[in-house]
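Throughout, a chain's letter reflects where its sequence line sits, starting with A, and its residues are numbered from 1. The structure presented is a predicted model; accordingly, all values stated were derived computationally and were not measured.
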2 protein chains.
Amino acid sequence: MGHSQAEKAATRERVLRITSRKIRAEGVTRPGIAELMNEAGLTHGGFYKHFRSRDDLITQAAAFALAEGTSKMERSARKNEEDPRAGLIEAYLAKQHRDAPATGCALVTLGAAAARGGQDVKEAYEKQVRTYLDLIAGLDDDREDARADAMVTLSALVGAVLMARAVDDPEFSDELLETVTARLSRHTSHDTDAAT
Amino acid sequence: MGHSQAEKAATRERVLRITSRKIRAEGVTRPGIAELMNEAGLTHGGFYKHFRSRDDLITQAAAFALAEGTSKMERSARKNEEDPRAGLIEAYLAKQHRDAPATGCALVTLGAAAARGGQDVKEAYEKQVRTYLDLIAGLDDDREDARADAMVTLSALVGAVLMARAVDDPEFSDELLETVTARLSRHTSHDTDAAT
DNA sequence: TGTACATCAGTGAACGCGCGTTCACTGATGTAC
DNA sequence: TGTACATCAGTGAACGCGCGTTCACTGATGTAC
């Protein structure tokens with residue numbers, strides 16, 4: 001085999017990435033060390049050359065998963081040049097996102113786990129929330145209360161994906177995503193006039 | 001001791017209720033059978049007189065937790081007689097709710113678990129979502145698109161509580177809850193006028 | 001450029017603990033007479 | 001109303017498996033000479 005310093009760093013990151021996906025898809029408790037190492041092409045014994053304990057790995061992998069989200073979303077926002085805010089919302093509430101929790105936004109998949117977790121995980125979670133809020137508020141140029149609007153928008157995005165995944169009827173799940181997409185796209189508060 | 005038929009039913013429900021709280025607070029994987037039975041005042045051995053397996057208990061406890069939510073929310077909505085919709089939103093986004101996941105809405109705490117769960121859990125989850133939507137849409141009397149509005153509102157409620165719990169800075173958590181409360185209370189779409 | 005040696009990523013067997021599940025047993029319940 | 005007996009909720013010891021962690025070992029890396 002061989003094992004240079006560069007290879008070690010690569011192995012470490014590979015394990016981190018694999019774990020960050022597994023915990024999003026299956027929760028932070030399920031995947032075992034042997035399983036994770038095997039998927040990285042190694043045996044379980046070498047694990048402790050990279051991480052102090054399972055807990056250490058999970059904590060780092062959670063931070064890894066959380067950090068991954070932003071760049072992804074920035075990219076999807078840029079797809080719709082006329083209305084990047086709508087672009088982001090559509091991408092976030094897309095069925096592909098709902099159906100791919102392993103590579104999806106960790107605010108949804110790791111929310112409950114972070115709530116129970118230690119300070120490290122919560123800090124990573126918060127950082128990710130703040131980044132999203134800045135991103136959304138930044139796209140929402142013309143509004144003065146952009147930050148408040150962004151909080152409602154982000155909450156709705158996260159909640160909608162969470163529920164869309166947990167519901168049994170696929171059509172109902174679709175309806176949820178589509179409805180929230182439509183409502184949020186025209187700004188959380190623009191549309192009115194219908195009532196009153 | 002003694003054990004009449006009535007006592008058996010009571011025991012069963014006690015275990016279910018305890019478990020429904022534990023899994024909301026600590027996740028569906030953590031609490032063990034011995035621990036749960038002890039908290040119900042029993043030893044672990046009798047467990048299988050009530051449930052087929054740990055999985056069976058968790059599934060039923062999840063459904064139990066989900067079902068509990070609605071009645072609670074209906075009550076809090078009625079607190080504010082002038083504007084029951086605002087009453088519900090304030091109760092849902094209250095700090096007491098954020099700080100008491102064990103007895104709080106299971107749509108938040110069990111969302112990720114339900115997404116990974118079997119059909120039974122997903123059906124229970126969906127039922128609860130539908131009940132909430134009906135409740136919110138019902139309170140939102142004067143709007144024709146009440147159902148769509150309810151979907152956005154519920155998504156934002158669930159997402160906001162999930163994030164408020166997972167974030168590290170308590171002040172930021174408070175801000176999130178307060179901001180979303182203020183924004184949602186005046187109807188998701190009524191307020192406008194600020195922009196454009 | 002070549003040789004000897006220390007380092008250390010990765011291997012795989014072994015350990016030990018926690019926990020879900022099983023089982024023989026107990027004693028109160030409640031039914032049959 | 002009282003007595004004998006079957007039922008079964010609850011007990012606690014024991015089992016066994018999975019899994020996190022440890023450890024002696026291997027062999028390639030990369031440094032010293």
Side-chain angles (χ1 to χ4, degrees), chain A residues 1-64 113 116-118 120-121, chain B residues 1-64 113 116-118 120-121:
Chain A
M1 283 282 145
H3 45 275
S4 65
Q5 293 165 351
E7 279 177 84
K8 180 180 183 185
T11 296
R12 192 193 136 85
E13 203 193 302
R14 194 156 14 105
V15 174
L16 264 181
R17 193 172 53 249
I18 287 169
T19 306
S20 88
R21 293 185 183 182
K22 268 269 154 72
I23 61 177
R24 276 180 276 183
E26 304 175 8
V28 293
T29 47
R30 233 261 12 219
I33 288 178
E35 176 188 349
L36 294 167
M37 292 299 279
N38 287 343
E39 291 203 21
L42 304 171
T43 57
H44 65 279
F47 176 80
Y48 295 88
K49 289 281 157 61
H50 298 281
F51 305 96
R52 273 200 308 278
S53 65
R54 183 181 186 280
D55 226 59
D56 180 37
L57 166 66
I58 298 297
T59 302
Q60 290 191 47
F64 189 97
R116 295 172 208 128
D120 330 356
V121 185
Chain B
M1 283 282 144
H3 45 272
S4 65
Q5 293 165 350
E7 282 177 82
K8 179 177 183 184
T11 296
R12 192 194 136 86
E13 202 193 303
R14 193 155 15 104
V15 174
L16 264 183
R17 193 171 54 251
I18 287 170
T19 306
S20 88
R21 292 184 182 182
K22 268 269 155 69
I23 61 176
R24 275 179 277 182
E26 305 175 6
V28 293
T29 47
R30 233 257 18 213
I33 287 177
E35 176 189 348
L36 294 166
M37 292 299 278
N38 287 342
E39 291 203 21
L42 304 172
T43 56
H44 65 279
F47 176 81
Y48 296 87
K49 289 279 157 61
H50 300 281
F51 305 96
R52 273 199 309 278
S53 64
R54 183 181 186 281
D55 226 61
D56 180 36
L57 166 65
I58 298 296
T59 302
Q60 291 191 46
F64 188 96
R116 295 172 209 125
D120 330 356
V121 185

Distance check needed: [N] [atom2] versus [X] [atom1], whole Å only.
X       : N      : atom1 : atom2 : result
A:Asn38 : D:dG20 : CG    : P     : 12 Å
A:Glu35 : D:dG18 : CD    : P     : 14 Å
A:Arg52 : D:dT22 : CZ    : P     : 12 Å
A:Phe51 : D:dC19 : CZ    : P     : 19 Å
B:Lys8  : C:dG30 : NZ    : P     : 13 Å
B:Ile33 : D:dT11 : CD1   : P     : 14 Å
B:Leu42 : D:dG12 : CG    : P     : 11 Å
A:Tyr48 : C:dC15 : OH    : P     : 17 Å

Is [X] atom [atom1] crowded by more than 12 heavy atoms from other residues, nucleotides or ligands, each under 6.0 Å away?
X       : atom1 : answer
B:Asp55 : CG    : no
B:Glu35 : CD    : yes
A:Asn38 : CG    : yes

Determine whether A:Arg14 and A:Glu39 make a side-chain contact, defined as any pair of heavy atoms from C-beta on separated by less than 4.5 Å.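 They are not in contact (no side-chain heavy atoms under 4.5 Å apart), so the answer is no.
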Does a side-chain heavy-atom distance below 4.5 Å link A:Arg12 with A:Lys49?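 Side-chain contact under 4.5 Å: no.
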Contact class for A:Gly45 (heavy atom, under 4.0 Å): base, sugar-phosphate, or nothing?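 Base contact.
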Base, sugar-phosphate alone, or nothing: which one does A:Phe47 contact when heavy atoms must sit under 4.0 Å apart? nothing
Determine the minimum heavy-atom distance between B:Val15 and B:Thr19, stating which atoms define it. O-OG1, 2.7 Å
So which heavy atom on A:Leu36 is nearest to which on A:Pro31, and how close? CD2-CB, 4.0 Å
When you measure from the side chain of B:Arg54, which nucleotide among C:dT21, D:dT21, D:dT11 comes out closest?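 Of all the options, the side chain of B:Arg54 is nearest to C:dT21.
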Has [X] got a side-chain N or O lying under 4.0 Å from the OP1 or OP2 atom of [N]?
X       : N      : result
A:Thr11 : C:dG10 : yes
A:Lys49 : C:dG10 : no
A:His50 : C:dG10 : yes

Secondary structure of DNA chain C in dot-bracket form (Watson-Crick or G-U wobble, distances below 3.5 Å, | marking inter-strand pairs): .||||||||||||||||||||||||||||||||
Judged by each residue's nearest nucleotide on DNA chain D, which is more toward the 5′ side, B:Arg14 or B:His44?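 Looking at DNA chain D, the more 5' nearest nucleotide goes with B:Arg14.
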Using heavy atoms to find the nearest nucleotide of DNA chain D for A:Gly32 and A:Gly46 separately, return the residue whose nucleotide is more 5′. A:Gly32
